[in-house]
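Please read the structure below before turning to the comments.
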Number of protein chains: 2
Amino acid sequence: MATSTVENYVKQIYLLQQEYSPDLVPMGRLADIMGVVPGTATSMVKALADSELVEYEPRGGLRLTRGGEQLALHVLRRHRLVELFLVKVLNLDWSEVHDEAEDMEHAVSDKVIEKIDAFLNYPEFDPHGDPIPSAKGKVPHMKWKSLADCQTNCESRISRVLDQDSQFLQFVERNGLTPGTKIKVLNRDYHADSVSLEFKGRNGVTLGLTAASKILVQVME
Amino acid sequence: MATSTVENYVKQIYLLQQEYSPDLVPMGRLADIMGVVPGTATSMVKALADSELVEYEPRGGLRLTRGGEQLALHVLRRHRLVELFLVKVLNLDWSEVHDEAEDMEHAVSDKVIEKIDAFLNYPEFDPHGDPIPSAKGKVPHMKWKSLADCQTNCESRISRVLDQDSQFLQFVERNGLTPGTKIKVLNRDYHADSVSLEFKGRNGVTLGLTAASKILVQVME
DNA sequence: GTTGTAGTTTTGAACATTCAAAATATGGGT
DNA sequence: ACCCATATTTTGAATGTTCAAAACTACAAC
């Protein structure tokens, strides 16, 4: 049985892969995100390679095996279902559930997770708009595009917030940019590094491109 | 912050103390219950003594300090609230929630526990009738007496089941002896090592004294 | 008083995870 | 071809938890 340390490494590798794929994930990036010194990541990755959870090329980088990916999806499923449960049933604020779920994701059994899934009526997305993998490891897909990439006059709907830092989420909430909100891009200025939005009638917030890039909208097809 | 190993030791010491108090808990008993060899318990207890969670007399035994007891009650509060939550909200069977809660008790934060407590409307007892300590560490008290100590014709109400082994709980449930059930002792025979009960009209089960001693009834005053 | 035995403690080693610091490899600029 | 900066790996040590097996203690029985 995988320890929770192993589960955390595999989960973070999965998330990093979204950023690097099809390239290998560099060791240093993994160390950073795990909050350990590089040598620690190296030795852990070797252990993961021995258990066939990752493929590891010394000095090249790493990627998950199919088995590692399945494990990562399992952990992410638990994490995201727990988040949604905490928000919907226990009324915690969406800005705090990510941290709560970090611990709980390793402690809830499959039996409890299936009960939660049923209780919530088989949801596809968590409170931040992240997709919830199925028990078999299928990820609901949707076409997303970052706010930073929306042109002037583009109308759309906020659907996912990538940065799950509590402060950032509170900022997003204070400004009414939670998933589901319909918005229109009033102005996008690459040189001013900003995007201004209009929504819910009142015309709205101006975001820097860095913040805008962490907010995804649904692409209407 | 206490690791979950430490939380488990302290919890079990607390439970053993109910059995031994006011005497010290013997090391061997702790080792047995923790499922470790005696030497492991000794070295762990020394560490607990260093953190002032237990008082330890070499070769004599051990007991919790006030601080250790507070920690134990905290853990027990989390454990029992989680159990009740799993039964009431997620509809798990009472015979399986003990094991589920063993892991979750170390992963749910105080914030989540307080939400669960409020959601359940500040309950005093868990599904097995065990008292739920308050956030401040106060334990609801009730006068209990074992079924094995009930005389012939004694009428009472089942209120607590001490053995939380899943098989035993299923047996208890199959025979309708769950907490809340009103029963009457038809016959108690010390030499035959048995107690027979009548309840819900139909007259009922006969239990050996060992089983009977694990089922507690409310003492009516 | 020696001996036996049950319970306890000590010792030495292992595993998973981590760090600090030294060693090494890689790719780019000169 | 050589040197440098950066990324990575290696090495050695620490922590927390565990086991196996040897050593010890206490007390009862003879």
Side-chain angles (χ1 to χ4, degrees), chain A residues 1-13 16-17 19-21 23-64 67-68 71-72 75 102-103 105-107, chain B residues 1-13 16-17 19-21 23-64 67-68 71-72 75 102-103 105-107:
Chain A
M1 191 107 313
T3 63
S4 57
T5 306
V6 167
E7 289 191 346
N8 281 331
Y9 272 90
V10 165
K11 178 182 66 173
Q12 294 300 356
I13 294 167
L16 283 172
Q17 244 167 238
E19 186 175 331
Y20 286 93
S21 174
D23 294 345
L24 300 180
V25 174
M27 193 58 81
R29 206 53 217 298
L30 177 60
D32 269 7
I33 266 185
M34 291 301 299
V36 297
V37 300
T40 300
T42 301
S43 73
M44 192 65 208
V45 163
K46 280 187 187 167
L48 295 177
D50 286 348
S51 349
E52 311 207 293
L53 291 167
V54 309
E55 287 167 33
Y56 167 50
E57 284 211 22
R59 303 207 126 85
L62 52 124
R63 77 157 56 86
L64 294 177
L71 177 55
V75 177
E102 279 303 294
D103 284 337
E105 69 187 8
H106 310 295
Chain B
M1 192 109 310
T3 64
S4 58
T5 307
V6 167
E7 289 191 344
N8 281 331
Y9 273 89
V10 165
K11 177 182 66 172
Q12 294 300 355
I13 294 167
L16 283 172
Q17 243 167 239
E19 187 175 330
Y20 286 94
S21 174
D23 294 345
L24 300 180
V25 175
M27 193 59 80
R29 206 52 216 301
L30 177 59
D32 269 7
I33 266 185
M34 291 301 299
V36 297
V37 299
T40 301
T42 301
S43 72
M44 193 64 209
V45 164
K46 278 187 189 167
L48 296 177
D50 287 348
S51 349
E52 311 208 291
L53 292 167
V54 310
E55 288 165 34
Y56 167 50
E57 283 210 23
R59 301 205 130 86
L62 51 125
R63 77 158 55 87
L64 294 176
L71 177 55
V75 177
E102 279 304 294
D103 284 338
E105 69 187 10
H106 310 294

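Each chain gets a letter, A, B and so on, in the order its sequence line appears, and its residues count up from 1. These figures come from a predicted structure and were not determined experimentally.
- Partner A/Leu62 forms a side-chain contact (heavy atoms from CB on, under 4.5 Å) with one of A/Leu53, A/Thr42, A/Val45 and no other, that one being A/Val45.
- Nearest nucleotide to the side chain of A/Pro26, out of C/dT8, C/dC19, D/dT8: D/dT8.
- Contact annotation: the side chain of A/Glu55 never approaches that of A/Leu24 to less than 4.5 Å [non-hydrogen atoms, C-beta and beyond].
- Distance B/Met44 CE to D/dT15 C1': 12 Å, rounded to the nearest Å.
- Of the listed nucleotides (C/dC19, D/dT8, D/dT18), D/dT18 has the atom at the smallest distance from the side chain of B/Ser43.
- Of the residues near DNA chain C, B/Tyr56 and A/Tyr9, the one whose nearest nucleotide (by heavy atom distance) lies more toward the 5' end is B/Tyr56.
- Between B/Leu48 atom CG and D/dG16 atom P there is a gap of 12 Å when expressed in whole angstrom units.
- Contact annotation: A/Thr3 reaches the phosphate of C/dT17 (side-chain N/O to OP1 or OP2, under 4.0 Å).
- Within the structure, every side-chain polar atom (N or O) of B/Thr40 is placed at least 4.0 Å from both OP1 and OP2 of D/dT18.
- Residue B/Gly28 is classed as a sugar-phosphate contact, given heavy-atom separations below 4.0 Å to backbone atoms only.
- The base of C/dT24 sits with one of its N or O atoms less than 3.5 Å from a complementary donor or acceptor on the side chain of A/Arg59.
- Rounded to a whole Å, the NZ atom of A/Lys46 is 6 Å from the C1' atom of D/dT9.
- For B/Met34 and D/dT18, the CE to P distance is 7 Å, given to the nearest whole Å.
- In this entry the distance linking CD of A/Glu57 with P of D/dT9 reads 11 Å, nearest Å.
- Considering only side-chain atoms of B/Pro38, the nucleotide from C/dA20, D/dT10, C/dT8 that sits closest is C/dT8.
- Rounded to whole angstrom, the span from the CG atom of B/Leu24 across to the P atom of C/dT8 amounts to 11 Å.
- Between A/Thr40 and A/Val37, some side-chain heavy-atom pair lies under the 4.5 Å cut-off.
- Put simply, CD on B/Glu7 is 11 Å from P on D/dT17, counting in whole angstrom units.
- At the heavy-atom level, A/Gly35 lies under 4.0 Å from the strands shown only through sugar-phosphate atoms.
- In the set D/dT9, D/dT17, C/dC19, the nucleotide with an atom closest to the side chain of B/Thr5 is D/dT17.
- Two residues are said to be in side-chain contact when any heavy atoms from C-beta on lie closer than 4.5 Å; B/Val54 and B/Ile13 meet this criterion.
- Of the possible donor and acceptor atoms, none in the side chain of A/Ser4 sits under 3.5 Å from a partner among the backbone N and O of A/Glu7.
- For B/Thr42, counting side-chain heavy atoms from C-beta on, the closest listed nucleotide (C/dT9, D/dA20, D/dT9) is C/dT9.
- Residue A/Leu30 contributes atom CG, which lies 11 Å from atom P of C/dT18 at whole-angstrom precision.
- Closest approach to the A/Val36 side chain among D/dT8, C/dT18, D/dT17 is made by C/dT18 (side chain taken as heavy atoms from C-beta onward).
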